[in-house]
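Some notes on the structure that comes next.
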Amino acid sequence: MTIEAAPVHHLELVPMGDGAWRLCDRSRIRPGGDADGTLVAYIERVAGGEYEAVWVWRGPAVETFPSLEAVLVAGTRRRLSSTAGSDSKPVPIPHRAPLSFRWARRSAR
């Protein structure tokens, strides 16, 4: 049994037990991989009726949500933010000159 939400049709909650789910992205199913798709987060119902999501895709993080729907919305935002701007040129990382160049300059002084 799975729970799917229409606006987030690529995300699927797969039950793991009583009060625990895996949030999977079905748009990223790989041949020979898990039939549920890419694991996005582990979700667990915690005391007080809230849901704790442990994100494993796109960087580890832990968040608490009032409902499963809120978890799906957050998962959709994470999914969309990872694809937005992916066609742009990467930001260059400043670096230092190679050590051999620096040592050559020091010994010339």
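Note that this is a predicted model, so its numbers are computed, not measured. In what follows, every heavy atom counts, from backbone to side chain, and hydrogens, waters and symmetry copies are set aside.
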With sequence neighbours excluded, residues passing side chain to side chain contact (heavy atoms under 4.5 Å, CB included) with Glu69 = Ser67
Nearest heavy-atom contact between Val56 and Ala41 is CG2-N, 4.1 Å
Spatial distance of atom [atom1] ([X]) from atom [atom2] ([Y]) [nearest 0.5 Å]:
X: Leu39; Y: Leu23; atom1: CG; atom2: CG; result: 8.0 Å
X: Leu68; Y: Arg45; atom1: CG; atom2: CZ; result: 7.5 Å
X: Leu11; Y: Leu72; atom1: CG; atom2: CG; result: 6.5 Å
X: Tyr42; Y: Arg22; atom1: OH; atom2: CZ; result: 6.5 Å

Mind checking whether Trp55 and Phe65 have parallel, tilted or perpendicular rings, split at 30° and 60°?
-> perpendicular
